[in-house]
Amino acid sequence: MKKNLIVFCSLLLSTVTFSQDKKPEIAIIPEPVYLIKTGGMYTLPKSITVETSGNQELQTIASQLVAQLKTATGYAAAITPKATGVGTIKLLLNVTADKSLGNEGYSLVTNPSSITIKANKPAGVFYGVQTLMQLFPKEISGKSVAKNVAWQLPAVTITDYPRFTWRGLMFDVSRHFFTKEEVKDFIDKMAEYKFNILHITLANDEGWRIQIKSLPRLTEVGAWNVKKVGTFGDFIPPTADEPKNYGGFFTQDDIKELVQYASERYVNILPEIDVPGHSLAAIASYPDLSCTAGAENYVVRSGEKIMNWHKGGFDALIDNTLCPANEKVYTFLDKVFTEVAQLFPFEFIHMGGDECAKNFWEKSDQIKQLMAKEGLKNMEEVQSYFVKRVEKIIESKGKKMIGWDEILEGGLAPNAVVMSWRGKKGGIEAAKMGHDVVMTPNDFVYLDYMQGDEISEPPVYATLRLNKTYSFEPVPEGVNSKYIKGGQGNLWTEQVYNTRHMQYMLWPRSLAISETLWSPKAKKDWNMFVGKVEKTFDRMDVQQVKYARTMYDPIFAVKKDSRDSLQVMMTTEVNGLDIYYSFDNSHPDNFYPKYTVPINIPTDASMMKVITYRDGKPIGKQIDMPVAELRKRLKA
Ligand code: ACM
């Protein structure tokens, strides 16, 4: 009854008021479970004390908070490591656990005279602080003192806890290497939105990124390729004399530092070593891991074509797979996972398992002998034999194994957790078999996909708009939700060469993923979310974080009218935008024709230019759409 009353009040009171520019006054992402505006404002004093109950972890959280408050406000700020009751901001642990909050929930009460965050565990306090920061003016997130800001926040009562325990983002540092400082930056940003798992891809065809002391060639050879720029995937193969000096790796000390840094932000790091496919960097370092003769001539991939994708699947042009029939491979993996397990405290290790080409295995005598010996009927069973042996190795190090959904093929390893990426199908199948699942369906959460029209975005083979990402639901119908641990967004970096573009691909889609994984399903609301994203953009401007504004751009569709002539239709993801267009090659503005109904393309036009406006101001970027491109789409 009391709970119902709170829900009712929160619906009434948290009905967020929108200012003129459509941005809500309170814009917390992910949306809290209960939020009640209680009236009045809290004003930060010029001398701030952050009071904790003396717990060491709370001290760390308090020092992070104090550092940011000082940086942005220029005020004096200090920690009181005791519950004196007079601190400006109180960070407290519940003496008696509040069961509804679990391990990560918190309560946050701000009123005109105080700010109090309470939780059962320090993680909850940390998340309460992240919410608190979003209540302050955006300048609180800045890197230097902001002048002329009223350091006020609205009085609210918030009770909040996550829907899922697995709230991940994947960062591929293999295709392009990103430094320790860049990874820390990534962790900072994900933690702000209450993500708690960083899945880091440490080994792939393009680079081995973690020092393994017992296998030094992995980083002497495997971490380096030839620097190429342009459109990854079809680069001219490097010549033997081109320097292999592009890349890098994390030393074990770097890894320890990252693990510690992440843990202070309540982020677990999930290391991925992708085997048996995508293993060219390992094979270039240790060629006898391959079944194929001539592997000693293989080099770490620099972005040249190595796979042939066709309707029925794919073949490798060179053998980038480890040899499941070779005992040396398991000795190698034992060494790798021994060191990986010692470095990462998280309970899981990811063994990849995706996109393993079988065309070289099919020709291998060693594989044929293995099949005869083990009674394996096909290549899927060969792969499954390999995966089951890897699971034994990983479990012998005291860890649980997780892999991409291909590990279902040929028979799933007994205790494996499945990361479903080719849609939700693999996840559904695994959950029905009683296995835990992490949902990362490519059609909802692949952050390497283009966010807007391919005519105006850096080219990738697929598109995923913000509203589609926001519609992601991790628990499929008919599946027992207890098997769905949560989900994550995956940022592959074939086409991501630097941090600015990494940020552009992450945001705002990761905001949508954050809200899906943390907030109650019933609290998700696209229009509200868009308003909050707009306010978050302002905060990201202060933080100097890059993000995509593609949600303001038009979406094109084509059809033929009754007289067989080409018609173009346009919509937008965001409501309330006006679309203006030209066919005469000039730049349209809001004095040009406004799109209302499907338009016929003038016979002689070769270019359509389009721009979106809101309230008389340009808001999207101008898109130049060749008419030939529209005709091509009609055929497709
Ligand atoms: C994947 O995207 N190949 C897991």
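Heavy atoms only: backbone and side chains are in, while hydrogens, waters and symmetry mates are out. Only a predicted model underlies this, so the values are computations on that prediction, with no experimental measurement involved. Order of listing sets the numbers, starting from 1, for every ligand and every atom in it.
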Exercise. Are any of the N/O atoms in Glu355 less than 3.5 Å from those in ligand 1?
Worked result: yes
For this session: Report the relative orientation of the aromatic rings in Tyr449 and Tyr461; use parallel for angles under 30°, tilted for 30 to 60°, perpendicular for over 60°.
Result: perpendicular
Problem set entry | Close-contact set for ligand 1 against Tyr446 heavy atoms, below 4.0 Å | 1 (C), 2 (O), 4 (C)
Problem set entry | Thr536 side-chain N/O to Lys532 backbone N/O, donor-acceptor pair under 3.5 Å | yes
Problem set entry | Ring centroid separation Phe177 to Phe249 under 6.0 Å | no
Problem set entry | Shortest protein contact, atom 3 (N) of ligand 1 (heavy atom only) | Asp354 OD2, 2.6 Å
For this session: Using distance alone, decide if ligand 1 has a nitrogen or oxygen within less than 3.5 Å of any nitrogen or oxygen in Trp404.
Result: no
Exercise. Just by distance, do the side chain of Ser290 and the backbone of Pro287 share a donor-acceptor pair under 3.5 Å?
Worked result: no
